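So the structure is just underneath, and the comments pick up after that.
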Amino acid sequence: MAEILVLVDHTEGVVRKPTLELLTLARRLGEPSAVFLGHDADSATEALGRYGAHKVYVVDAPEVDELLVTPAVDALTQIAGSTGPAAILLPSNPDGKETAARVALRLESGLITDAVDITAGEDGPVTEQSAFAATYQVTAHVTRGIPVITVKPNAAAPEPAPVTPEVEKWDVTFGPASAAAKVLSHSPRERGDRPELTEADIVVSGGRGVNGAENFAVIERVADTLGAAVGASRAAVDAGWYPHSHQVGQTGTQVSPQLYLAAGISGAIQHRAGMQTSKTIVAVNKDQDAPIFELADYGVVGDLFQVLPQLVEEIERRRS
Amino acid sequence: MKIVVCVKHVPDATADRTFTEEGSTDRESVDSLLSELDEYAVEQALRIAESGVDAEISYLTVGPDDAKDALRKALAMGGDSATHVSDEDIEGSDAFGTSLVLARAIERHGFDLVLCGMASTDGTMGVVPALLAERLGVPAVTHIEELTVEDGTVTGRREGDSATVRVQGSLPAVVSVTDRSGDARYPSFKGIMAAKKKPMETLDLADLGIDAGQVGRAGAWSAVDTATRRPPRSKGEIVTDDGTGGTGLAAFLTAKKFA
Ligand SMILES: Cc1cc2nc3c(=O)[nH]c(=O)nc-3n(C[C@H](O)[C@H](O)[C@H](O)COP(=O)(O)OP(=O)(O)OC[C@H]3O[C@@H](n4cnc5c(N)ncnc54)[C@H](O)[C@@H]3O)c2cc1C
Ligand SMILES: Nc1ncnc2c1ncn2[C@@H]1O[C@H](COP(=O)(O)O)[C@@H](O)[C@H]1O
């Protein structure tokens, strides 16, 4: 069966959920092989095997930590050059997209970024993407070389398909460090108790209407009641009320949860670009003409400081 | 120091953007403007020049005739000169074609620093800066929020998906900056007038030694099969809070099994 290379996204050996989604999608196209860069492959192998990785190629070299993006480019190009996979899948984050583009250029192969779905077609993978702030749906395919595809989080639900992977160490020849960006320091973001934005089934977001950092407690309370991640509009982030890593939108994170609840957010096109494909959308806004209501499956015209605490109270009452 | 800023002329994101029958961005039906995300790259170039570095700033765009407007806007913000690469055969290029044209034009001009936006607001791939670095054989210091240029290096903070990373590259280098790198200035009236006198050259593929077959739709390595408008979300139930808005919302969420 055709081999599909999947670049593993992990934090110190803990495989992130989008990688499990990639392995699940890869199985539609062939037999997945995971490419793992770093020192903690042992702790990742079990998870990768559980989601169907028949092989794990391990690249453990100092360059992996010292240089930005290029070690993964060297690794994938060399592994692909020798094994000839039918496709290469990577996560759609800045590192993944830049790696994908450079690998594709070196392999003289076509590139598709930000796929939200992949199916097996007669001439290779067929991808689905969202365009123009998710107002368009585009299908595309690669016409030359080995298709290199980056996939957005939540494109597929991870499905286990346990195998015991064969682990193979790879000696990669790295390009000159002078043509690479050096990593001076690397600080992984603290993972709080809440789910990650891209991985959450429910996202509760606050905007300018939240009116102050301390008021975000109101948003957090709703999030915790629903087991949700917390998001924010750029206006709220720019005001310093919530960290940028929580920004939803064109220049923040793009989410596609089962439920998106927007409170005190007007629904500007750049915000919509990051949440428009959510399955169910709920809005609370005191302006009945706010564009967010055009997307909402359910909307409450009202003051979020009245509506949200009452929502929490009522859910708790129903539960007890 | 020679700084080249890559700026793209894009359809207005707040207008109703569409695709052509060939599956390319329709540039006819809506107004276009300098990509807002590229204004941040222009701003960083101007700040570097203002910080005392002896810098010559030149703008570069690849696009149809009216892409000149993007260059004029950038020149009105500041900087010295501009290059417009325009050729019928470029139409329909993918990121590889565009980056080839940009890279050849950058080499022709000479550079110590190439500055880009984090992504174009129409294609939103965010890969051209990395492709330029790959083609030019220089470090890619991308997705930067805070930029310093000193002692022949460029250093910056990159907010990745799961970590904050401080990265450094030696010059020459390609840098892309995010919308958090510092607010872009508005062109002044004086700036707008001065921009009209600044030199702008126009090049075509032959000037850059590129064959038509290497770019455009013919040279693209991927193809769009269909582009369809998503059906508008059917308008849901909108209620006005009469004191029971929260309870009503709880009932909706419970019915949908979210709570
Ligand atoms: C290049 C570019 C990229 C961008 N990227 C992003 C991005 O990634 N993400 C993003 O979000 N934005 C982005 N923006 C900004 C975007 O255009 C909007 O400015 C931003 O989304 C507005 O945030 P907001 O809805 O919170 O604020 P506003 O538009 O000010 O809306 C606040 C809303 O809160 C309501 N409100 C106020 N008080 C209350 C209350 N007590 N109860 C209920 N409702 C209340 C108001 O009626 C209003 O509708 C970008 C812009 C540009 C130019
Ligand atoms: N046609 C173009 N002309 C000039 N610069 C471009 C062009 N396309 C992309 N760029 C630059 O590359 C960055 C990223 O674009 P993209 O990879 O298309 O999202 C943009 O912010 C620009 O700085």
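Values in this document were obtained by computation on a predicted structure and should not be read as measured data. Throughout, protein chains are lettered first and strands after them, A, B, ... in sequence-line order, and every chain is numbered starting at 1.
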Where does E98(A) contact chain B at under 4.5 Å (heavy atoms): side chain, backbone, both or neither? both
Toward chain B, the part of L197(A) with a non-hydrogen atom under 4.5 Å: neither
How close do S222(B) and I112(A) get, counting heavy atoms only, and between which atoms? CB-CG1, 4.4 Å
Of the listed V237(A), V312(A), V142(A), V300(A), the one with the largest count of heavy-atom pairs under 4.5 Å with chain B is V300(A)
Could you tell me which non-hydrogen atom of A163(B) sits nearest to which non-hydrogen atom of R189(A), and how far apart they are? O-NH2, 3.7 Å
Any donor and acceptor pair, going by atom type alone, linking the side chain of T143(A) with main-chain N or O of W221(B) inside 3.5 Å? yes
Is T164(B) in contact with chain A via its backbone, its side chain, both, or neither, using a 4.5 Å heavy-atom distance? both
Note: L226(A) and A259(B) closest approach over all heavy atoms is CD2-CB, 3.9 Å
When the 4.5 angstrom heavy-atom criterion is applied to T280(A) and chain B, the contacting part is both
Chain B contact via Q137(A) - side chain, backbone, both or neither, heavy atoms under 4.5 Å: both
Contact leader toward chain A among L37(B), T142(B), D16(B), T18(B), where contacts are heavy-atom pairs under 4.5 Å: T18(B)
By a 4.5 Å heavy-atom criterion (distance strictly below it), what part of T178(B) contacts chain A: side chain, backbone, both, or neither? neither
CA sep, side-chain torsions, deciding dist, call: D238(A), R180(B), side chain to side chain contact (heavy atoms under 4.5 Å, CB included): CA-CA 9 Å; D238(A) 282 353; R180(B) 292 168 60 76; 4.1 Å; yes
So which part of V282(A) gets closer than 4.5 Å to some heavy atom of chain B, the side chain, the backbone, both or neither? side chain
Max heavy-atom pairs within cutoff under 4.5 Å with chain A, candidates P129(B), A119(B), G160(B), goes to G160(B)
Please state whether the side chain, the backbone, both or neither of E108(A) comes within less than 4.5 Å of a heavy atom of chain B. both
Identify which part of D114(A) has an atom lying under 4.5 Å from any heavy atom of chain B, answering side chain, backbone, both or neither. side chain
Measuring only between side-chain heavy atoms, which start at C-beta, is Q310(A) closer than 4.5 Å to T247(B)? yes
Residue from Q258(A), Q129(A), E294(A) scoring the most non-hydrogen pairs under 4.5 Å with chain B is Q258(A)
Comparing A95(B), A251(B), P11(B) against chain A, the one with the most heavy-atom pairs below 4.5 Å turns out to be A251(B)
Considering the options R233(B), E237(B), K235(B), which one meets the side-chain contact (heavy atoms from CB on, under 4.5 Å) requirement together with D297(A)? R233(B)
Part of L67(A) lying under 4.5 Å from any heavy atom of chain B: neither
Answer with side chain, backbone, both or neither: which region of D201(A) has an atom nearer than 4.5 Å to a non-hydrogen atom of chain B? neither
What residue among Q250(A), R234(A), Q270(A) forms side-chain contact (heavy atoms from CB on, under 4.5 Å) with D179(B)? R234(A)
Name the region of L105(A), side chain, backbone, both or neither, that has any atom closer than 4.5 Å to a heavy atom of chain B. both
Answer with side chain, backbone, both or neither: which region of I202(A) has an atom nearer than 4.5 Å to a non-hydrogen atom of chain B? side chain
Let me know if M125(B) has heavy atoms under 4.5 Å from chain A in its side chain, its backbone, both or neither. both
So for atom NZ, which belongs to K256(B), do other residues, nucleotides or ligands contribute more than 12 heavy atoms lying within a distance under 6.0 Å? no
Heavy-atom pairs under 4.5 Å with chain B are the metric here; pick the option from D9(A), L68(A), I315(A), T225(A) that has the most. L68(A)
In sequence, state the C-alpha distance, the side-chain angles, and the governing distance for D94(B) and R144(A), and then conclude on salt bridge (charged side-chain N to carboxylate O under 4.0 Å, His left out). CA-CA 12 Å; D94(B) 59 9; R144(A) 174 180 173 136; over 6 Å; no
For A104(A), is it the side chain, the backbone, both or neither that has a heavy atom under 4.5 Å from a heavy atom of chain B? both
Yes or no on side chain to side chain contact (heavy atoms under 4.5 Å, CB included) for S245(A) and E159(B), after CA distance, side-chain angles and deciding distance? CA-CA 8 Å; S245(A) 50; E159(B) 291 293 340; 5.9 Å; no
What residue, out of V239(B), V165(B), D241(B), V224(B), has the most heavy-atom pairs lying under 4.5 Å from chain A? V239(B)
Tell me, for T198(A) versus chain B, whether the close heavy atoms (under 4.5 Å) come from the side chain, the backbone, both or neither. neither
A131(A), G110(A), S187(A): which one forms the most heavy-atom pairs within less than 4.5 Å of chain B? S187(A)
Under a 4.5 Å heavy-atom cutoff, which of D225(B), V127(B), L253(B) has the most pairs with chain A? D225(B)
Minimum heavy-atom separation for P139(B) to S178(A), with atom names? CG-O, 3.4 Å
For each of G145(A), P309(A), G227(A), A180(A), tally heavy-atom pairs with chain B at distances under 4.5 Å, and name the one with the top tally. A180(A)
Could you tell me which non-hydrogen atom of L131(B) sits nearest to which non-hydrogen atom of R102(A), and how far apart they are? CD2-N, 4.3 Å
Go through the atoms of S99(B) and report whether side chain, backbone, both or neither lie under 4.5 Å from a heavy atom of chain A. neither
Does a side chain donor of either R230(B) or S130(A) reach within less than 3.5 Å of an acceptor in the other side chain? yes
What part of F252(B) gets closer than 4.5 Å to chain A, counting heavy atoms only: side chain, backbone, both or neither? side chain
Ring-plane angle category for F19(B) and Y136(A), please: parallel below 30°, perpendicular beyond 60°, tilted otherwise. perpendicular
Taking it one step at a time, do L184(A) and V167(B) satisfy side chain to side chain contact (heavy atoms under 4.5 Å, CB included)? CA-CA 5 Å; L184(A) 302 180; V167(B) 286; over 6 Å; no
For residues V141(B) and A181(A), report the shortest heavy-atom separation together with the two atoms involved. CG2-CB, 4.1 Å
Can you tell me which of G243(B), P232(B), A173(B) forms the most heavy-atom pairs within a distance under 4.5 Å of chain A? G243(B)
Quick one, V138(A) with T226(B), criterion side chain to side chain contact (heavy atoms under 4.5 Å, CB included). Give me CA distance, side-chain angles, the key distance, then yes/no. CA-CA 6 Å; V138(A) 174; T226(B) 61; over 6 Å; no
What part of I269(A) gets closer than 4.5 Å to chain B, counting heavy atoms only: side chain, backbone, both or neither? side chain
Pick whichever of L259(A), V183(A), N93(A), T113(A) has the most heavy-atom pairs under 4.5 Å with chain B. L259(A)
